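Note that the structure is predicted; figures quoted are calculated from it, not measured.
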Amino acid sequence: MDEQIKELNAFLEGEFMGIHAYEHYIQNTQDEAVKKDLQTIQQNHKMHAIFVAERIQNLGGTAVDDVGLVGAFQERVAQVKGYPKDKEAIIKGAIKGEEFGSDMMAEFVKGDLDQESQSMVQSILAEHKKHIEMLNKHL
């Protein structure tokens, strides 16, 4: 059970990283259609975070409430590099983030999740693929 909570918390940290990244993309885009889709995706990540946190609590664990050490480091690197300002770079950055985040999050939960947790994770990862499709329409 502890390993399962650990894996779900790592997954949850990934959702928080997505929420934070989309905040920067939203702040830097001037295109209203892109902004609307970025906001929709960010809201989805927020809902995913709620679902995962509830699952962790239902398993008797304590849900993390931030990106964790790895996420904080990655966010700091992104701040130093600077966030993209033009539409295409924002979209490509968001797509790359969704792909990388999904791959990383899938690795975190490769262990022994119970059926309910596994089903929830697979559903969330499927939504990440839909995010990529939504973003690709802007390129």
Discussion item. I need the Leu8 CG to Glu3 CD distance, nearest 0.5 Å.
Written reply: 10.5 Å
Discussion item. Taking the side chain as everything from C-beta on, heavy atoms only, tell me whether Lys87 gets closer than 4.5 Å to Gln30.
Written reply: no
Practice prompt. Please report the C-alpha distance between His20 and Asp66 in whole Å, then the side-chain angles of each, then the deciding distance to 0.1 Å, and finally whether the side chain to side chain contact (heavy atoms under 4.5 Å, CB included) criterion is met.
Written response: CA-CA 10 Å; His20 293 182; Asp66 206 347; 3.4 Å; yes
Worksheet item: For the atom pair CG (Asp31) and CG (Asp86), what is the distance rounded to the nearest 0.5 Å?
Response: 11.5 Å
Worksheet item: Taking atom CD of Glu7 and atom CG of Leu12, what is their separation to the nearest 0.5 Å?
Response: 13.5 Å
Discussion item. Whether the side chain of Glu13 engages the backbone of Val64 through a donor-acceptor N/O pair (distance < 3.5 Å, no angle test) should be reported.
Written reply: no
Worksheet entry | Heavy-atom check, side chain of Arg55 versus side chain of Asp114, under 4.5 Å | yes
Discussion item. Tell me whether the rings of Tyr22 and Tyr25 are parallel (<30°), tilted (30 to 60°) or perpendicular (>60°).
Written reply: perpendicular
Item to complete: For Glu98 and Lys130, run side chain to side chain contact (heavy atoms under 4.5 Å, CB included): C-alpha distance rounded to whole Å, both residues' side-chain angles, the deciding distance at 0.1 Å, then the answer.
Response: CA-CA 10 Å; Glu98 285 285 336; Lys130 291 178 185 176; over 6 Å; no
Discussion item. Can you give me the closest heavy-atom contact between Ile5 and Ile56, atom names plus distance?
Written reply: CG2-CG2, 3.9 Å
Fill in: same_hphob_cluster(Leu59, Ile50) at 4.5 Å side-chain heavy-atom cutoff
yes
Worksheet item: Between Leu135 and Ile41, is any pair of side-chain heavy atoms under 4.5 Å apart?
Response: yes
Worksheet item: To the nearest 0.5 Å, how far apart are CD1 in Ile132 and CE in Met134?
Response: 11.5 Å
Worksheet item: Are any of the side-chain nitrogens in Glu107 or Lys110 under 4.0 Å away from the carboxylate oxygens of its partner?
Response: yes
Item to complete: For atom CD of Glu23, decide whether the heavy atoms of other residues, nucleotides or ligands shown that lie under 6.0 angstrom number more than 12.
Response: yes
Worksheet item: How long is the span from the NE2 atom in His138 to the NZ atom in Lys92, to the nearest 0.5 Å?
Response: 15.0 Å
Discussion item. Within the supplied structure, the quantity of interest is the number of heavy atoms (other residues, nucleotides, ligands) at a distance under 6.0 Å from Lys35 NZ; does it exceed 12?
Written reply: yes
Worksheet item: Is Glu88 atom CD crowded by more than 12 heavy atoms from other residues, nucleotides or ligands, each under 6.0 Å away?
Response: no
Worksheet item: Going by heavy atoms in the side chains, are Ile19 and Phe16 under 4.5 Å from each other?
Response: yes
Please tabulate, for the side chains in residues 119-129, all donor-acceptor contacts under 3.5 angstrom to protein atoms that are two or more places apart in sequence or on a different chain.
| residue | atom | partner | partner atom | Å |
| --- | --- | --- | --- | --- |
| Glu127 | OE1 | His48 | NE2 | 3.1 |
| His128 | ND1 | Ser102 | OG | 2.9 |
| His128 | NE2 | Glu15 | OE2 | 2.9 |

Worksheet item: Between atom CD of Glu133 and atom CD1 of Ile95, what is the distance when rounded to the nearest 0.5 Å?
Response: 11.0 Å
